4 protein chains.
Amino acid sequence: MNLSSRRTRKRKDEILKSAMRIINTRGYEAATMEEIAAELLMTKGSLYYYFKNKQDLMYQCHHLVLSEAVKELEEHLEKDQSVTETLKNMVDTHIYFAVEEKETYNLLIRPDQAYDKEHLQSTLDLRKYYASLFDKLIERGIASGEFSIKEPVIARMFILGSMNWIQQWFYPDNRLTREQLQQLFYEYILTLLRGSE
Amino acid sequence: MNLSSRRTRKRKDEILKSAMRIINTRGYEAATMEEIAAELLMTKGSLYYYFKNKQDLMYQCHHLVLSEAVKELEEHLEKDQSVTETLKNMVDTHIYFAVEEKETYNLLIRPDQAYDKEHLQSTLDLRKYYASLFDKLIERGIASGEFSIKEPVIARMFILGSMNWIQQWFYPDNRLTREQLQQLFYEYILTLLRGSE
Amino acid sequence: MNLSSRRTRKRKDEILKSAMRIINTRGYEAATMEEIAAELLMTKGSLYYYFKNKQDLMYQCHHLVLSEAVKELEEHLEKDQSVTETLKNMVDTHIYFAVEEKETYNLLIRPDQAYDKEHLQSTLDLRKYYASLFDKLIERGIASGEFSIKEPVIARMFILGSMNWIQQWFYPDNRLTREQLQQLFYEYILTLLRGSE
Amino acid sequence: MNLSSRRTRKRKDEILKSAMRIINTRGYEAATMEEIAAELLMTKGSLYYYFKNKQDLMYQCHHLVLSEAVKELEEHLEKDQSVTETLKNMVDTHIYFAVEEKETYNLLIRPDQAYDKEHLQSTLDLRKYYASLFDKLIERGIASGEFSIKEPVIARMFILGSMNWIQQWFYPDNRLTREQLQQLFYEYILTLLRGSE
DNA sequence: TATGAATGAGTGTTCATTCAT
DNA sequence: CATGAATGAACACTCATTCAT
C-alpha cells in the first residue's frame, strides 16, 4: 500500500469516527451528511469523495464496529481458558461495545430499511456470525457439563437481548460503573446457563 | 360527555389504530402523516383537527399501548395467585405486547428526540411505573423466599431487556410459536430469579 | 368530473403551459423545477402536488403537444381533400408546431435518457404513430399516381427531418414569415414526392 | 514548435478524441469531466491543464470535427468533377459525419447556452461557412442549368436539415446500410434540386 | 369537520472548478 | 505535468405544517 492510499485510508477512518459520534448522538436517520461533515470542518460534498453515498458511509460505520467486536470475541474463544472465564470476557466485550458504541454497534433497528440488498445481506451475515460465537461457547459449556440450558439458541437470544438493551437505560455513574454492570450481568448469565438444579 | 365529543373520541381512536399499524410496519420516523391518513381514506390536513402535530399523534399511540399493558400487569398483580403464576402472566403480557405491537410499544428508541419536554417526562414516568410493577413482583418473590437475586433492579433491567429485544428477531412460525416462546422465557427468568443455590 | 378535479385539471394545465415556456427557452435539462414554479409564483414543493416528479412533468408536456399535433393531422387526413391539399395542411401543421413549440414538440433528443421505461415506450409509440400519418398520405399519393418516390418510409424520414430542423435556424421576421416558409417547404416536398420524370 | 509543446498538442488531441467518444455516447450535458478523464486513465483535475474549462473542451471537440468536415467539403468542391458527382461526394461526407460523430458534429442544439460569446461567434461563423459550401454547389448547378430550385438558401436549409436529422433515427443494420442511405438521400436531393419539370 | 392546496425548511447528491504538493 | 482532495453552488425531492373555504 502506497503513501497516498494510506492517507486516504486514514481520512476515511477519521470520517467514520466522526460519523459514529454523530450516529451515537442523533441516531441513524437523524444523522445528516451536513452534520457529519461539519464536525470535521469539511463540506458535505467532500464526503462523497470518500463514500459513494450516505448508505455506504453508514454501512461502513456499522461494519467497522461489528468487525472489531467479532475479532475480540474470536480472541477470547481461542485463548486457553475455562468456559466461565471465556464467558466473562465475552460478556465484558459485548457490554463494552453496547455501551460505548451504542447505535453504531448493534441497535440499527431496521437494517432492511437502511440498506440495499447487498449491504443488508452482508450485515445480516456478520450478525449471524457474531451470534454464533456465543453459541459456540454455550455448546462448549454444555459439552463439559458446566451448563445446562433448554433450547440453547433461544437462550442465547435471551442473553444477547438483555445485553443489547443496556444501551437503552444505562448511563455510567458512581452508583453503577460499567465494570460493576459487566460483573453483575456475567453472574446473571452464569446462573441462567448453569440451570436451576 | 356529549354526542359530538364522543364522536371525536371515536375518530381519534380510529386514527390511533391506523397510525399504530403504520408505525409497526414502517417504523417511527418512516411513518408519514400522509400514509396514516391514506389508510383511513382521509387527507393529511384532517389529522391536524384531531392531533396538534405528528409528535402529539405519536405520543398518544405510544401512551395508549403502554397504558393498556400497564392495566393488564396491574390486574395480574392484584389477582390472588402464586408468585410464579403471576410471573408467568406478566411475562406473557409483556411478550405479547412486544411481539404484537412492536415499535409502538416500547422500542421507541429515542423518546428524547421524538418528544418535547412535557411528553417526554410523561413517557418516562409511565415507563418507570411499568417497570416498577415488575420490581414489585420480584420483591414479593424475595420476601417469600422463592427468589434469590442480587441487585433486583438491575436484574429487572436484564429481564425486561431480554424480552424487549424479542421484537428484533422473533417472527412466529411453526418452529417456534409465541406461546412456546413465552413459556421458554418464563422458565429462563424463573431460573434466573431463583438463583443458583 | 366534479368541480374540484376540474380545478386541479386546470391548474395542471397552467403548470404545463408554464413548463413548456421554460423548456422552449432553456431546454429540457436546463429547465429547473424552481424556475417553472417561479413563473407561476409558486414554490418548488407545490409542483410535486400535481406531478410525481420532474420526469413526469416533462413527459406530460411532451405528450400534450404531441397529442394535439396528432389530432390535427388526423383531421387533415379525414377531410375529403386532394392529396396535395392534405399535404399542404399537414406540412403547415408540422411546421407550426415545430416553430411554436420547439423543444417541447419533437426535439427531445434523448428520450431514452430523460424517461424511464414506461414513459419511453409510450413516447416512442406516439412518435411512431405520428410518423405513420405521413406514411398514410404518401401511400395515398402513390396509389393515385400523383406521387412517385423510392423507399417511401425513408423519404418520409427525409421530409420530417427537414421540417424538424427548422427550429434550429428559423426565427420569423419580415424577410421570411412562417407562412412563406410553410409554402416553400410544401413545394419542395411536393417536388420530391412527385419524382423527377 | 518545440518538443514539449508538440507533446502537449498530442495529449490534447487524445483528450479530444476521448471526449468525443463520451459526448457521442452520453450527450453534451451528460458527459462529465470525470468520465472523460477516466477513459484516459487520468484524473479530472489534469484536464484543466490542457483546457480552460469544460466549455473550452467541448468547443474544441465541436470545432475539430466541424473543421475536418469543412476540409473534406472544400476538397470535393475543388476537384474537377460534375456538379452531380460533387453533390454525391458532399452528401456522402455530411452523412458520414452526421452518423459517425453524431452529437459532436452538428447537433449541439443550444450553442448559445453552452458557449460564451466568443466561442459562440466562432462556432456560428464556422457553421455559416460550412453551409455556404453547399450554397456554392447549388449555385454552380443553377448556373449550369442542371438545378432549378426556388429560394436556394432555404432549400439548402431543407436539405441540410434532412441530413442532420439522420442521427435521430438511423442505426445502420443490414436492412439499410450507411452506403444505401447515402445513395438514397443523394437521389432525393437531386430530384429536389432538379425541380419538377 | 374535512380537504385541497400551498409552503418552506431540510436532505442527499452531482459536478465543474480550484489548488497545494 | 499530474493528482488528490476539497469546495460550493445547484438541483430534485420529501414532508410536516398551515389555512382558506
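In what follows, chains carry the letters A, B, and so on, assigned in the order in which the sequence lines appear, proteins first and then strands, with residues in each chain numbered from 1. Because the structure is predicted, anything quoted here is derived from the model rather than measured. We use all heavy atoms of the structure for the numbers below, so side chains are in, but hydrogens, waters and symmetry mates are not.
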d(CD, D:Q55; P, E:dC15) in whole Å:
18 Å
Regarding the side chain of B:T43, the nearest nucleotide among E:dT3, F:dC11, E:dT7 is E:dT3
Can you tell me if the side-chain N/O atoms of B:T8 get under 4.0 Å from OP1 or OP2 in E:dT1?
yes
A:K44: partners by salt bridge (Lys or Arg N to Asp or Glu O under 4.0 Å), with sequence neighbours left out
A:E34
Is there a side-chain contact between C:R7 and the phosphate of E:dA5, meaning an N or O under 4.0 Å from OP1 or OP2?
no
Does A:K44 contact E:dG12 through a side-chain donor or acceptor facing the base, at a distance under 3.5 Å?
yes
Using Watson-Crick pairs (N1 to N3, plus N6-O4 or O6-N4) and G-U wobble pairs, both distances under 3.5 Å, which stems of at least 3 pairs involve DNA chain F?
E:2-21 with F:2-21
Qualifying residues under side-chain hydrogen bond (donor to acceptor under 3.5 Å, both in side chains), relative to A:D13, sequence neighbours excluded
A:R9
Using a strict cut-off of less than 4.0 Å between a Lys/Arg side-chain nitrogen and an Asp/Glu carboxylate oxygen, indicate whether B:R11 and B:E14 qualify as a salt bridge.
yes
Rounded distance (Å) that lies between atom P of F:dA12 and atom CD of C:E35:
10 Å
Whole-Å distance separating the CG atom of B:D56 from the C1' atom of F:dA16:
14 Å
Is any side-chain N or O of C:R11 closer than 4.0 Å to OP1 or OP2 of E:dA6?
yes
Passes side-chain contact (heavy atoms from CB on, under 4.5 Å), C:L16 versus C:L57? Steps please.
CA-CA 7 Å; C:L16 287 176; C:L57 174 55; 3.7 Å; yes
When you compare the side chain of A:Y48 with that of A:M33, does any pair of heavy atoms fall below 4.5 Å?
yes
Figure out the CG/C1' separation between C:L57 and F:dC13, and round it to whole Å.
13 Å
Along DNA chain F (nearest heavy atom to each residue), the more 5'-positioned of C:A30 and B:M33
C:A30
I need the single residue from C:Q55, C:H62, C:H63 that forms a side-chain hydrogen bond (donor to acceptor under 3.5 Å, both in side chains) with C:Y59. Which is it?
C:H63
Contacts of C:D56 meeting salt bridge (Lys or Arg N to Asp or Glu O under 4.0 Å) (sequence neighbours excluded), chain-then-number -> none
For B:F97, give me all partners under ring pair (Phe, Tyr, Trp, His ring centres under 6.0 Å), at least two apart in sequence or on another chain.
B:Y105
Sorted by number, the residues of residues 46-54 of chain D with heavy-atom contact under 4.0 Å to DNA chain F:
D:S46, D:Y49, D:Y50
Please report, rounded to the nearest Å, how far the P atom of E:dT13 is from the CD atom of A:E34.
13 Å
For B:L41 and for A:A31, locate the closest nucleotide of DNA chain E by heavy-atom distance; then report the residue assigned to the nucleotide nearer the 5' terminus.
B:L41
Just the rounded figure in Å: distance from P of E:dT7 to CE of C:M42.
6 Å
Starting from the C-alpha separation in whole Å, work towards a yes-or-no answer on side-chain hydrogen bond (donor to acceptor under 3.5 Å, both in side chains) for C:T8 and C:S5.
CA-CA 5 Å; C:T8 297; C:S5 75; over 6 Å; no
